[in-house]
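Letters A, B, ... mirror the listed sequences (proteins, then strands); counts begin at 1.
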Amino acid sequence: MAYWLIKSEPSSWSWDDQVRKKITHWDGVRNYQARNNLKQMKIGDLCFFYHSVVGKQIMGIVKVCASYKDDPTDSSGKFGMVDVEYVESLEKPVTLEQIKNTKELQDLALIKQSRLSVMPVMPQQWACILRLGNY
DNA sequence: GCCAACGTTGGC
DNA sequence: GCCAACGTTGGC
């Protein structure tokens, strides 16, 4: 099983929305690197849900519940999506600032490639963030 | 195939 | 709201 981090601006899709709706299409990705990461997701993989722009913190965990398929919102047919399902909220959201201040997390793409919206997370990074979140 | 122009993302 | 970083588009 693999771990990921996916971003959303709360003004378009927030963690509260995710908690309420439980399952959603993770559509709208229009970047090839992010798409390639989506393609590699398998059912059961876990993802951190990160609020970009407003909040700038990891809010909780979702699980991949449908693998890569066409994104109906993309008329070009080049991009796809997965479905994700609410799993759990972090007791304490983990902020970008905390991540930047944590030695083990310096290699996270969140820091190195701030514009990438779907990125892999190494198991040790995953565990480290869980500890920061008091999960 | 190069690169200038343009559009978007996201931190500050 | 600004702008740096980055990705995409299109003329040549």
Where at least one partner belongs to residues 39-68 of chain A, residue pairs that pass side-chain hydrogen bond (donor to acceptor under 3.5 Å, both in side chains), sequence neighbours excluded: A:Trp4-A:Asp45
Heavy atom of residues 96-107 of chain A under 4.0 Å from DNA chain B: which residues? A:Leu96, A:Lys100
Go along nucleotides 3-8 of chain B 5' to 3' and tag each nucleotide: B for a protein heavy atom under 4.0 Å from its base, S when only backbone or sugar atoms are that close, - otherwise. ----BB
Linking Ile, Leu, Val, Met, Phe, Trp and Tyr through side-chain heavy atoms less than 4.5 Å apart, which residues share a cluster with A:Val54? A:Val53
Holding to salt bridge (Lys or Arg N to Asp or Glu O under 4.0 Å), I want the full list of residues that pass it with A:Lys103, two or more places apart in sequence or in another chain. none
Quiz: residues 105-114 of chain A side-chain donor-acceptor pairs under 3.5 angstrom, not counting sequence neighbours:
| residue | atom | partner | partner atom | Å |
| --- | --- | --- | --- | --- |
| A:Gln106 | NE2 | A:Lys100 | O | 2.8 |
| A:Gln106 | NE2 | A:Thr102 | O | 2.8 |
| A:Gln113 | NE2 | A:Gln33 | OE1 | 3.0 |

Can you list the residues that meet the salt bridge (Lys or Arg N to Asp or Glu O under 4.0 Å) rule with A:Asp71, with sequence neighbours excluded? A:Arg30
Partners passing side-chain hydrogen bond (donor to acceptor under 3.5 Å, both in side chains) against A:Asn36 (at least two apart in sequence or in another chain): none
Partners of A:Gln125 by side-chain hydrogen bond (donor to acceptor under 3.5 Å, both in side chains), sequence neighbours excluded? none
Using the C1' atoms of five pairs at each end, what's the angle between the two axes of the helix from B:dG1-C:dC12 to B:dC12-C:dG1, to 10 degrees? 10°
Scan residues 45-60 of chain A against DNA chain B and write down, sorted by residue number, each residue with any heavy atom closer than 4.0 Å; if none is found, say none. A:Tyr50, A:Ser52, A:Val53, A:Lys56
I need the CG-C1' distance between A:Leu108 and B:dG11, as an integer number of Å. 16 Å
By the rule that ILVMFWY residues connect when side-chain heavy atoms come within less than 4.5 angstrom, directly or transitively, which residues belong alongside A:Phe79? A:Tyr32
